[in-house]
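Have a look at the structure below, then the notes.
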Amino acid sequence: MTEFDLIRRHFTRAAPNAVLGVGDDAAIVRPTLGCDLHVSTDMLVEGRHFFADVSPEALGHKALAVNLSDMAAMGATPRWVTLALALPRLDEAWAAAFARGFFALAAEHGVSVVGGDTTRGPLTLSVTIFGETPHGQALRRDAAQVGDDIWVSGQLGLAAAALQQRLSGSTELLPADCLRKLERPQPRVALGRALLGVAHAALDVSDGFAADLSHILARSGVGAQVWVEALPMHPQLAAERSRWLAAIAAGGDDYELCFTAAPAQAAAVQAAAAHAGVAVHKVGRILAGEGLCLLDASGQLVALERLGYDHFA
Ligand code: ADP
Ligand code: MG
């Protein structure tokens, strides 16, 4: 099998929403009139973002999911992706399983693979995604306003708990949701779209809730207060809250949305969440000033050792 056989067999599929897909020097796509085009890239590196023994199908899912999550964070409709692969060897079974996970999620979201690149090297997956929002409507990190409520979708800390367990080699029984969340995150694309015109600022929680919310605060020039008790958590993690607090407030790989909206929009936020089929929770408020205050039930400041994940810290 050659590089080209691999591309043809496993990564060339019909791209119904593109003018020209895989097979030429570049793809051709036709953006929707009246829309802004979003572009984002996310890379996964073996040993850094995933364990060498993870199932290739789950890896295919996750490589696309983390990119879809960036579109969700902006309220964008994902449309096209390119897929760059560095593979240590041409492994037919691996490629087939990886493609199965990747294309299943792509089909679910109506996304076409329109190109990519394939080279030999340490296992690395890089996806570039293109999406659209109506002109000027995108949910941006710099749009939070003083007085906004802060909301979070789903539950936090599950993936970080699974990762922590794996790294410590413990055999304790964690909720099944934890491993599922780590290996097969479900990007909140429908929620992001439903929040257009409802939310002000948004982002996806990938490096840790506190670190990611801090990005909204810095970009918007505001501060925030968050009630730790209000952070959405799995009952089993909530039962040992102090033990799991770091995973919940600052663990990575959640791929939930954190967003702000005027208090008058609370009912519209709940309607958007119901439409998207995902729970949302109000966890705090945007304040004048700067920085993030985490408060416990008695109003005491909660200190975290770190706010989130940093590849170079
Ligand atoms: P070039 O030499 O012009 O860079 P390539 O030989 O790398 O072209 O790729 C041939 C075609 O296959 C191109 O259309 C490219 O977009 C596509 N392609 C290469 N690798 C992948 C991949 N992993 N997934 C999807 N498409 C790919
Ligand atoms: Mg190439």
Side-chain angles (χ1 to χ4, degrees), residues 15-22 24 26-43 63-84 102 105-116 126-145 148 150-153 185-207 212-222 255-262 265 268-269 271-273 275-276 278 280 286:
N17 69 357
V19 179
L20 184 62
V22 169
D24 213 310
I28 305 177
V29 300
R30 192 166 293 153
T32 306
L33 206 64
C35 280
D36 291 329
L37 185 64
H38 295 245
V39 185
S40 174
T41 299
D42 250 328
M43 192 155 81
L64 181 57
V66 301
N67 282 273
L68 288 168
S69 183
D70 286 319
M71 293 294 112
M74 306 210 76
T77 301
R79 302 212 56 206
W80 308 285
V81 294
T82 62
L83 170 62
F102 195 96
L105 188 62
E108 228 177 273
H109 289 274
V111 168
S112 295
V113 175
V114 296
S126 178
V127 174
T128 298
I129 190 161
F130 302 81
E132 297 180 315
T133 49
H135 279 330
Q137 298 270 299
L139 306 174
R140 300 164 45 140
R141 294 181 177 187
D142 62 5
Q145 291 178 21
D148 277 358
I150 301 168
W151 298 83
V152 177
S153 68
Q186 295 301 322
R188 304 303 189 189
V189 175
L191 177 62
R193 289 176 59 176
L195 288 171
L196 288 181
V198 174
H200 285 150
L203 52 50
D204 65 321
V205 181
S206 56
D207 292 330
D212 287 322
L213 174 56
S214 296
H215 296 316
I216 288 187
L217 305 182
R219 299 275 300 181
S220 299
V222 295
Y255 300 104
E256 294 296 345
L257 296 188
C258 171
F259 55 96
T260 82
Q265 294 290 341
V269 166
H275 172 79
V278 46
V280 294
I286 298 291

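Computed from a predicted structure; not experimentally measured. Computation of the quantities below employed the complete heavy-atom set of this structure, encompassing side-chain atoms and omitting hydrogens, waters and symmetry-equivalent molecules.
Listed by chain and residue number, nothing satisfies the side-chain hydrogen bond (donor to acceptor under 3.5 Å, both in side chains) test with S126 (two or more places apart in sequence, or in another chain). With sequence neighbours excluded, the residues that form a side chain to side chain contact (heavy atoms under 4.5 Å, CB included) with A261 are W151, Q265, V269. A search for side-chain hydrogen bond (donor to acceptor under 3.5 Å, both in side chains) contacts involving H109 returns nothing, not counting sequence neighbours. Every side chain to side chain contact (heavy atoms under 4.5 Å, CB included) that Q186 has, sequence neighbours left out, goes to H61, E108, R188. In this structure V222 satisfies the side chain to side chain contact (heavy atoms under 4.5 Å, CB included) test together with A144, V146, L217, S220, I286, sequence neighbours excluded. Remark: A190 engages A276 in a side chain to side chain contact (heavy atoms under 4.5 Å, CB included) (not counting sequence neighbours).
In this structure, the side chains of V111 and L68 come closer than 4.5 Å at one or more pairs of heavy atoms.
Remark: side-chain polar atoms of S153 are paired, donor with acceptor, to backbone N or O of L257 under 3.5 angstrom. Distance alone, capped at 3.5 Å, is enough to place a donor-acceptor pair between the D212 side chain and the S206 backbone. A donor-acceptor contact shorter than 3.5 Å is absent between the side chain of D24 and the backbone of L20.
A donor-acceptor contact closer than 3.5 angstrom is absent between the side chains of T133 and D36. For the residue pair T32 and E132, a side-chain donor N or O sits within less than 3.5 Å of a side-chain acceptor on the partner.
For the atom pair CG of L195 and CE of M74, the computed distance is 13.0 Å after rounding to the nearest 0.5 Å. The line from CG of D204 to OH of Y255 is 7.5 Å long, rounded to the nearest 0.5 Å. Atoms CD1 and CZ, on I216 and R141 in that order, are 7.5 Å from each other to the nearest 0.5 Å.
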